[in-house]
There are 2 protein chains.
Amino acid sequence: MIYSSELIKGTLKTIVLKLLADNKKMYGYEITQRVKELTLDKIQITEGALYPTLHALEDDGLVTTETEYIGKRVRKYYSLSPSGKTKTKEKVSELADFMETMKFLLDIKTKTV
Amino acid sequence: MIYSSELIKGTLKTIVLKLLADNKKMYGYEITQRVKELTLDKIQITEGALYPTLHALEDDGLVTTETEYIGKRVRKYYSLSPSGKTKTKEKVSELADFMETMKFLLDIKTKTV
DNA sequence: CAAAGATACATCAGATTCTTATGTATTTGA
DNA sequence: TCAAATACATAAGAATCTGATGTATCTTTG
């Protein structure tokens, strides 16, 4: 089972930031594979979604990049900037809070008539 | 604190369906108020988001509607259709599953180097 | 060793879905 | 009486994802 794409919307940025917080530096393709692994294929980030997101994080100054060559093939590593670290904490705790709220919403059985 | 709007994306439809599953019938404005109450103002559904969603649910045959007059003012009640009930269960359990996965993702500290 | 698949980047048209504003109209409360 | 609340709706613009396409290198396998 793969989660419907609408669920990924809104969480992608947070997922990426969190992965970078836990791994110092990662490159795009690695991120897609790591998420796939960690979620047992239930979340598959497409490259069309990931690269624009990474570029946006860079434009916002939340990540810095360094290019590395593996043979002739280029790899672009992303790392959190100081403001990125702060932002990550905010986003992660907001999402955690949101999930608590959603859990509550989804469990309510009380028919308030 | 109000959750950043991106978080709501992708969950709105599920929230609406779940509320309808628990309350037999509700009208649009009521839904916005109920969600606001239940989430202590942390989720505020705008009308511009809600009405198109309700119309989409109707077009998909997941809800049926009945119009009622309160004085001269119209109220449009929404109820789950049989397929809507099935869909709700699917969506809710998918979201619950997704949240488990996200919780796992957000907690990982293991730096796989 | 050729071909397929994996690795690795990127862009873009189109689709979806939300925000914000606007519009109409009635009812309620200070 | 007049602002706020109730109650519907639409629509331009923004944001963000899908799916396709493009380029190029490296690895594996029959």
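Just so we're on the same page: letters track the sequence lines, and every chain starts at 1.
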Using a heavy-atom cut-off of 4.0 Å across all strands, would you classify A:G48 as base, sugar-phosphate, or nothing? base
With sugar-phosphate meaning primed atoms plus P, OP1 and OP2, does B:T46 contact a base, only sugar-phosphate, or nothing at under 4.0 Å between heavy atoms? base
With a 4.5 Å heavy-atom cut-off, do B:T11 and A:M102 have their side chains touching? yes
Side-chain contact check for A:K13: nearest option of C:dC9, D:dT16, C:dC18 is D:dT16
In whole Å, what is the span from the CD1 atom of B:I43 to the C1' atom of C:dC18? 14 Å
OP1 or OP2 of C:dC18 under 4.0 Å from side-chain N/O of B:T53: yes
Distance check needed: D:dA15 C1' versus A:L12 CG, whole Å only. 13 Å
To the nearest Å, give me how far apart CD1 (B:I15) and P (C:dC18) are. 10 Å
side-chain contact (heavy atoms from CB on, under 4.5 Å) with B:L19: of B:T14, B:T88, B:L38, B:L80, only one passes, and it is B:L38
Please examine the side chains of B:L50 and B:Y29, heavy atoms only from C-beta on, and report whether any two atoms are closer than 4.5 Å. no
Ranking C:dT19, C:dA8, D:dT16 by distance to the side chain of B:A49, first place goes to C:dT19
What's the closest nucleotide to the A:K72 side chain, out of D:dT25, C:dA10, C:dT7? D:dT25
Which residue lies toward the 5' end of DNA chain D, A:I70 or B:Y78, if each is placed at its nearest nucleotide? B:Y78
Polar pair under 3.5 Å, donor/acceptor by atom type, side chain B:R73, base C:dT27: no
When rounded to whole Å, the CD to C1' distance for the pair B:E37 and D:dT6 reads 14 Å
Does a side-chain heavy-atom distance below 4.5 Å link B:I43 with A:F98? yes
Quickly work out the A:I45 CD1 to D:dT18 P distance and round it to whole Å. 9 Å
Side-chain N,O (A:H55) to OP1/OP2 (C:dT11) below 4.0 Å: yes
Classify A:E47 by what it touches in the nucleic acid, base, sugar-phosphate, or nothing, heavy-atom distance under 4.0 Å. base
Measure the shortest side-chain to side-chain distance between A:V63 and A:L54 over non-hydrogen atoms and say whether it is less than 4.5 angstrom. no
Contact class for A:I8 vs. all strands (heavy atom < 4.0 Å): base, sugar-phosphate, or nothing? nothing
Rounded distance in Å - CG (B:L50) to C1' (D:dT10): 14 Å
Compare the minimum distances between each of C:dC9, D:dA7, D:dT10 and the side chain of A:Y29, then state the nucleotide with the smallest one. C:dC9
Along DNA chain D (nearest heavy atom to each residue), the more 5'-positioned of B:Y51 and A:Q44: B:Y51
Do A:S79 and A:K24 have side chains that approach each other closer than 4.5 Å (heavy atoms only, starting at C-beta)? no
Let me spell it out: for each of A:V74 and B:T11, pick the nucleotide of DNA chain C with the closest heavy atom. Which residue's pick is nearer the 5' end? A:V74
Find the distance B:L54:CG to C:dC18:P and express it as a whole number of Å. 11 Å
Within this structure, what is the CD-to-P distance between A:E68 and D:dC26, rounded to whole angstrom? 14 Å
Quick check for you: among C:dT26, C:dT11, D:dC17, whose closest atom lies nearest to any side-chain atom of A:K9? D:dC17
